[in-house]
Trainee: 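A single structure is presented below for examination.
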Protein chains: 2
Amino acid sequence: MAFFESEFWHPSVATDIVLFTIRNKKLCILLVKRKDNNRWAIPGGFLTKGETLKECAVRELREETGIEVPFLRQFENFSNPNRDTRKHQVISVAFIGIHPSGKLKLKADTDVSDVDWFFYDKIPELAFDHNEICIKARDKLNSLLNENAELLFPFLDKEFTLTELQETLMCITTQPSSLKEKRNFRKWVFEYASGKGLVIETGNIRKGNHRPAKLYSKNI
Amino acid sequence: MAFFESEFWHPSVATDIVLFTIRNKKLCILLVKRKDNNRWAIPGGFLTKGETLKECAVRELREETGIEVPFLRQFENFSNPNRDTRKHQVISVAFIGIHPSGKLKLKADTDVSDVDWFFYDKIPELAFDHNEICIKARDKLNSLLNENAELLFPFLDKEFTLTELQETLMCITTQPSSLKEKRNFRKWVFEYASGKGLVIETGNIRKGNHRPAKLYSKNI
DNA sequence: GCAAAAGTGTTGACGCTACACCCATGG
DNA sequence: CCATGGGTGTAGCGTCAACACTTTTGC
C-alpha cells in the first residue's frame, strides 16, 4: 500500500448525502448500516484524487446503494474538528438528493451491510453528527421548495396526476400556503409551471374508482 | 519541519473570502496581491489543524488584511481538480463577507505585498479561478439580499440615515424593485425592519446643506 | 425666497385566497 | 343513482407600486 506524505497537514474530505423520497405519502430518507461501527448513517465517503465533490457524491451513492439520482446539490459543510469520532479531522460536504418514489432495488456493498428507507420522523440515532445533518437538510429542503417549487419534480415518476403532484408538495412543505388549496394549486401549475414549459399533458389518463385523472410529465 | 503522512490521499482544503463593501456609492471587493505569483487574488488560505472552516476564514482575513468582519458566510465549494495550478488538488470553500465602508487601515503581511479595495466592475484578472468565484459571490449576494433585506445592515456604520440605507440597497440589488422608490422603501423599513426591532431611531440627526436627517442604528 | 433633500398620504390596479360549484366514473 | 375524487369560475379582500404632496434646512 502506498503512503502519501506532505509537508503540510491536510484534513480528510468526505461527501455525505441526505437522500429524500416520498413513500406512503410521507417524507423518507435513505440510510445505510455501516460495517465499521455497526450503526445507521447517511451514505457518503471520502473524496478520491481527481474527482469533484459532486462526482464523489454520485459515486458513493452508486457504490453504497446502487442509486442514480436525478437531483443532487451541495447545501452545507460540516467542519467541527470533533464531528468525527475517529482520529483524523474530517470535513464533510453535505448534499441533498431527491429520488422519485422508493421503488428500487437497494444493494448493500463492501462497506455497508444494509440499506433502507426510513420515515423522516422515525430516524434512529445515527453515527457521528448525521442526525444534525439530516435536520439541517430537511430545513433546507423546505426553504428550497419555498423559493422554487420546481424542486417537486425530482420526487415524481415519469407520469403523474396533478393530485399526486400536490400531495408531494404537502408532504414536504411545513408552512401554510395557498397552494395547499386544490384550485390555487392547479392555477399555479398552469400559469407558472406550464407557462414555463415545465409540465405538459401526456394525453394518457389514470383510471381509478372514480373520474379518471389526466396524466402529466415534467418536460425533459 | 514535521512531515505528515497517511495511508490515504487527502486534498488540501482552503477558504477564500469575497469581501464586499460600498465606497463612493459603488460596490467594491477586497483583493490582495500574492507574493508567490505576484497576482491579485481574493484573500484566503489553508485550513489548519483543529479549526473550523469559518475560524479559518476569520483568521486568514485578519492575517492578510487586518480586518474583523461583521458578516461572513459560506456560499459555495469549488472542487474542480484543475482549479489550482499548483501540484496538489485544492478544495476551496468560498465565503461572502460584508464590511461597513472602506475606512480601515489595510496592512499587508508576509504572504501578500499589497491589499486594496477594487470597484466590482473594475476587477483585474485574478489568480486561479478567483474571477469565477467573484462572479458567483456577486450573484449570491444579490439573491441573499432579495430573500432577506437584513443583509443591508452589515454594510452600514453604527449610525446611518434612511437615505444612506436605501442607497446601499440600490448599489447592490440588480433587479427592479419597488423598494427603489423612496416612499415604499421607508414603509418597508418601518413596517418590516422596525417592526422586527432591527432598526431604531437614535435621536441624533445628521446636518447637511438641506433639511437634517434623522439617524438610525441597527439594533444590536 | 428658492433649491434641494427629508419625510408623508392616498388611490387604483392587480393578485391571490377562499369558497362554491360542475363533471365523470365505478359500483 | 349516489359517493367520490377530478376539475373549473369568480367575488372580494388586501397589498403595494406609483405619484403627488408637505416640511425643513442653507444660502
Side-chain angles (χ1 to χ4, degrees), chain A residues 22 24-25 145-150 152 156-157 159-171 173-196 198-218, chain B residues 22 24-25 145-150 152 156-157 159-171 173-196 198-218:
Chain A
I22 306 284
N24 299 330
K25 304 193 182 183
L145 191 65
N146 254 53
E147 292 164 25
N148 186 356
E150 295 178 27
L152 280 180
L156 289 153
D157 283 314
E159 284 194 317
F160 48 86
T161 67
L162 294 184
T163 301
E164 285 165 358
L165 187 60
Q166 189 179 18
E167 278 171 353
T168 303
L169 174 71
M170 295 204 285
C171 286
T173 199
T174 53
Q175 295 99 319
S177 156
S178 71
L179 292 183
K180 294 186 175 182
E181 222 267 340
K182 183 173 56 164
R183 184 69 185 99
N184 299 327
F185 180 81
R186 291 164 112 92
K187 246 192 237 161
W188 171 81
V189 170
F190 293 125
E191 279 161 36
Y192 173 81
S194 175
K196 272 194 171 181
L198 292 173
V199 47
I200 51 172
E201 228 181 292
T202 65
N204 302 326
I205 55 171
R206 172 162 304 161
K207 298 219 175 203
N209 288 331
H210 302 288
R211 174 174 174 174
K214 291 180 184 172
L215 286 167
Y216 294 80
S217 73
K218 37 193 163 175
Chain B
I22 306 283
N24 298 331
K25 304 194 180 181
L145 191 67
N146 253 53
E147 291 164 25
N148 184 358
E150 294 178 29
L152 281 181
L156 289 153
D157 283 312
E159 285 194 316
F160 48 86
T161 67
L162 294 184
T163 301
E164 286 166 357
L165 187 60
Q166 189 180 17
E167 278 171 352
T168 303
L169 173 71
M170 296 205 283
C171 286
T173 197
T174 54
Q175 295 99 319
S177 156
S178 71
L179 292 183
K180 295 187 175 183
E181 223 266 340
K182 185 171 55 164
R183 186 69 186 99
N184 299 325
F185 180 81
R186 291 164 113 92
K187 246 191 238 161
W188 172 80
V189 170
F190 293 125
E191 279 162 36
Y192 172 82
S194 176
K196 270 192 171 181
L198 291 174
V199 48
I200 52 172
E201 226 181 294
T202 65
N204 303 326
I205 55 171
R206 172 162 305 161
K207 297 219 174 200
N209 289 330
H210 302 288
R211 175 172 177 175
K214 290 181 184 173
L215 286 168
Y216 295 80
S217 74
K218 36 193 162 174

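First the proteins, then the strands, lettered A, B, ... as listed; each starts at 1. Note that this is a predicted model, so its numbers are computed, not measured.
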Trainee: In Å and rounded to the nearest 0.5 Å, what is the OG1 to CZ distance from T163(B) to R186(B)?
Mentor: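 Spacing of OG1 (T163(B)) from CZ (R186(B)) equals 5.0 Å.
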
Trainee: Quick one: CG on N204(B) to OG1 on T161(B), what's the gap to the nearest 0.5 Å?
Mentor: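 Atom-to-atom, N204(B):CG and T161(B):OG1 are 13.0 Å apart.
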
Trainee: Using a 4.0 Å heavy-atom cut-off to protein, can you give one letter per nucleotide of nucleotides 20-27 of chain C, 5' to 3': B if the base is in contact, S if only the sugar-phosphate is, - if neither?
Mentor: ---BBBS-

Trainee: Measure from CZ on F185(B) to C1' on dG9(C) and round the result to the nearest Å.
Mentor: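 Taking atom C1' of dG9(C) as the reference, CZ of F185(B) is at 19 Å.
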
Trainee: How far does CZ of F160(B) sit from NZ of K218(B), to the nearest 0.5 angstrom?
Mentor: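 The NZ atom of K218(B) is 7.0 Å from CZ of F160(B), to the nearest 0.5 Å.
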
Trainee: If you assign K214(B) and N184(B) each to the DNA chain C nucleotide with the nearest heavy atom, which residue ends up on the more 5' nucleotide?
Mentor: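 Checking each residue's closest nucleotide, the 5'-ward one belongs to K214(B).
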
Trainee: Mind calculating the distance between OH (Y192(B)) and C1' (dC16(D)) to the nearest angstrom?
Mentor: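 Going from OH in Y192(B) over to C1' in dC16(D) covers 17 Å.
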
Trainee: T202(B) side chain to S217(B) main-chain N or O, any donor-acceptor pair under 3.5 Å?
Mentor: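 No, the answer is negative, given that no donor and acceptor are paired below the 3.5 Å cut-off.
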
Trainee: Just how far is it from atom OG1 of T168(A) to atom CG of L145(A), taken to the nearest 0.5 Å?
Mentor: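 Between T168(A) OG1 and L145(A) CG, I get 10.0 Å after rounding to 0.5 Å.
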
Trainee: With rounding to the nearest 0.5 angstrom, report the CG to CG distance, L162(B) to L215(B).
Mentor: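 It comes to 9.0 Å.
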
Trainee: Taking only nitrogen or oxygen atoms into account, show me every contact under 3.5 Å that the protein makes with nucleotides 11-13 of chain C, one pair per line with its distance.
Mentor:
none

Trainee: Short of 4.0 Å, heavy atom to strand atom, which residues of residues 160-168 of chain A count as contacting DNA chain C?
Mentor: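 Those residues: none at all.
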
Trainee: How long is the line joining CZ of R186(A) and C1' of dT10(D), in whole Å?
Mentor: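 In whole Å, dT10(D) C1' lies 17 Å from R186(A) CZ.
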
Trainee: Which class fits the ring pair W188(A) and Y192(A): parallel under 30°, tilted 30 to 60°, perpendicular over 60°?
Mentor: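 Parallel, since the angle between the ring planes stays under 30°.
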
Trainee: Measure from the side-chain N and O atoms of K180(A) to the backbone N and O of Q175(A), and report whether any donor-acceptor pair falls under 3.5 Å.
Mentor: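 Indeed, once roles are kept as given, a pair shorter than 3.5 Å links the two residues.
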
Trainee: Starting at CH2 of W188(B) and ending at P of dT15(D), how long is that distance when rounded to a whole Å?
Mentor: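 It works out to 18 Å between those atoms.
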
Trainee: Indicate yes or no for a side-chain donor-acceptor contact from Q166(A) to the backbone of L179(A) under 3.5 Å, with no hydrogens or angles considered.
Mentor: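 Flag set: sc Q166(A) to bb L179(A) pair under 3.5 Å.
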
Trainee: Taking atom CG of N148(A) as the centre, does the number of heavy atoms from other residues, nucleotides or ligands within less than 6.0 Å exceed 12?
Mentor: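 More than 12 within 6.0 Å, yes.
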
Trainee: Y216(B) and side chain to side chain contact (heavy atoms under 4.5 Å, CB included): which partner among V189(B), V199(B), L165(B)?
Mentor: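 Considering V189(B), V199(B), L165(B), a side chain to side chain contact (heavy atoms under 4.5 Å, CB included) with Y216(B) is found only for V199(B).
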
